[in-house]
Novice: 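Dropping the structure in here first, questions after.
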Amino acid sequence: MTRKVFWDEPYRTTLDTVVSQVDGDRVQVESTIFFAFSGGQESDDGSLGGYPVIKAEKLDLDIVYTLPHDHSLRVGDCVTWRIDWDRRYRLMRLHFAAEMVLQLVYRLRPGIERIGAHIAQDKARIDFASDVSLAPLFPEIESEAANLIARDLPILTDFSDVETQRRYWRVEGFAMMPCGGTHPTSTREIGAVKLKRKNTGRAKERIEILLVDV
């Protein structure tokens, strides 16, 4: 089973590992820092053994990486991971920003249903089933988010079930939720956030979350 170093060391950008399986252009390794698309969070960008990773996908509790078809990696090869740190860090920040917003929406609209989410490098989004606009909530959500960020609270992550690799994050005094993505270690790292509303269809509301870099 692939050891997922990105959970314990989300700030790490290089890692030496060993190729464990090769099936054409699909490769598996003993350990990885390269996150594969999951829970709405996009995959990292980077390289393995000098070859660009074309695709990363979860396979049960393992991760399979697709490399260029002309790669020369073999089982037992010692290789180095390198990931795009700028992309990873924005994904980490936007992921927690989105989940922070989600928890605040739950507080203000008890019982509302989340029906989708996506975290990309430029912005995150959360989709809700709602017959009314959520825009009137934005000032309070942005204010509460700014308060949480300014308080520089630790973001704690761990396993809720080691065997099935289920994980969670927790911020004392705020919230706790299941999540297997990557996160910063402090709310302050998120920086300022801005919300935008989109109506994506009947009885659907989308909140877009953007980072305001200053």
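The first residue of the sequence shown is numbered 1, and numbering continues consecutively from there.
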Novice: Any idea which heavy atoms bring Glu42 and Ala120 closest together, and the distance?
Specialist: OE2-CB, 3.4 Å

Novice: Under the 4.5 Å side-chain heavy-atom rule for ILVMFWY, direct or indirect, which residues accompany Tyr168?
Specialist: Met176

Novice: Once rounded to the nearest 0.5 Å, what's the spacing between atom OG1 of Thr13 and atom CZ of Arg82?
Specialist: 8.0 Å

Novice: For the CD1 atom of Ile126 and the CG atom of Leu102, what is their distance to the nearest 0.5 Å?
Specialist: 5.0 Å

Novice: Quick one: closest heavy-atom pair of Gly24 and His71, and the distance?
Specialist: O-NE2, 2.8 Å

Novice: Any side-chain donor paired with an acceptor under 3.5 Å for Gln41 and His118?
Specialist: no

Novice: Tracing side-chain links under 4.5 Å among I, L, V, M, F, W and Y, which residues wind up in one group with Leu48?
Specialist: Val5, Phe6, Trp7, Leu15, Val19, Val22, Val27, Val29, Ile33, Phe34, Phe35, Tyr51, Val53, Ile63, Tyr65, Leu67, Leu73, Val75, Val79, Trp81, Ile83, Phe159, Val162

Novice: Ignoring hydrogens and angles, state whether a donor on the side chain of Ser31 or Thr17 is under 3.5 Å from an acceptor on the partner side chain.
Specialist: yes

Novice: When you check the side-chain N and O atoms of Asp16 and Thr80, is any donor under 3.5 Å from an acceptor?
Specialist: yes

Novice: Quick one: closest heavy-atom pair of Ser43 and Ala56, and the distance?
Specialist: OG-O, 3.6 Å

Novice: Is any side-chain N of the basic residue among Lys4 and Glu9 closer than 4.0 Å to the acidic one's carboxylate O?
Specialist: no

Novice: Could you state the interatomic distance from CZ (Arg167) to OG1 (Thr182), rounded to the nearest 0.5 Å?
Specialist: 10.5 Å

Novice: Before accepting this row, confirm whether a basic side-chain N of the pair Arg125/Glu208 lies closer than 4.0 Å to the acidic partner's carboxylate O.
Specialist: no

Novice: Could you tell me whether Arg107 and Glu144 make a salt bridge, using a distance below 4.0 angstrom between a side-chain N and a carboxylate O?
Specialist: no

Novice: Of all heavy-atom pairs between Arg188 and Ala150, which one has the smallest distance, and what is that distance?
Specialist: NH2-O, 2.8 Å

Novice: Could you tell me whether Glu205 and Arg197 have a side-chain N and a carboxylate O separated by less than 4.0 Å?
Specialist: yes

Novice: Looking at Leu61 and Gln165, what are the two nearest heavy atoms and their distance?
Specialist: O-OE1, 3.9 Å

Novice: Show your reasoning for whether side chain to side chain contact (heavy atoms under 4.5 Å, CB included) applies to Val193 and Leu210.
Specialist: CA-CA 6 Å; Val193 297; Leu210 301 99; over 6 Å; no

Novice: State, to 0.1 Å, how close Gly39 and Ile119 come at their nearest heavy-atom pair, and which atoms those are.
Specialist: O-CD1, 4.3 Å

Novice: From Tyr106 OH over to Arg114 CZ, what is the distance, rounded to the nearest 0.5 angstrom?
Specialist: 5.0 Å

Novice: How long is the gap from NZ on Lys204 to CG on Asp131, to the nearest 0.5 Å?
Specialist: 12.5 Å

Novice: A cation-pi test, strictly: NZ or CZ of Arg93 under 6.0 Å from the centre of the six-membered ring of Tyr89 and no more than 45 degrees from its axis. Yes or no?
Specialist: yes

Novice: Under the rule for side-chain hydrogen bond (donor to acceptor under 3.5 Å, both in side chains), what residues qualify as partners of Arg166, not counting sequence neighbours?
Specialist: none

Novice: Can you measure from OG1 (Thr157) to NE2 (His183) and round to the nearest 0.5 angstrom?
Specialist: 8.0 Å

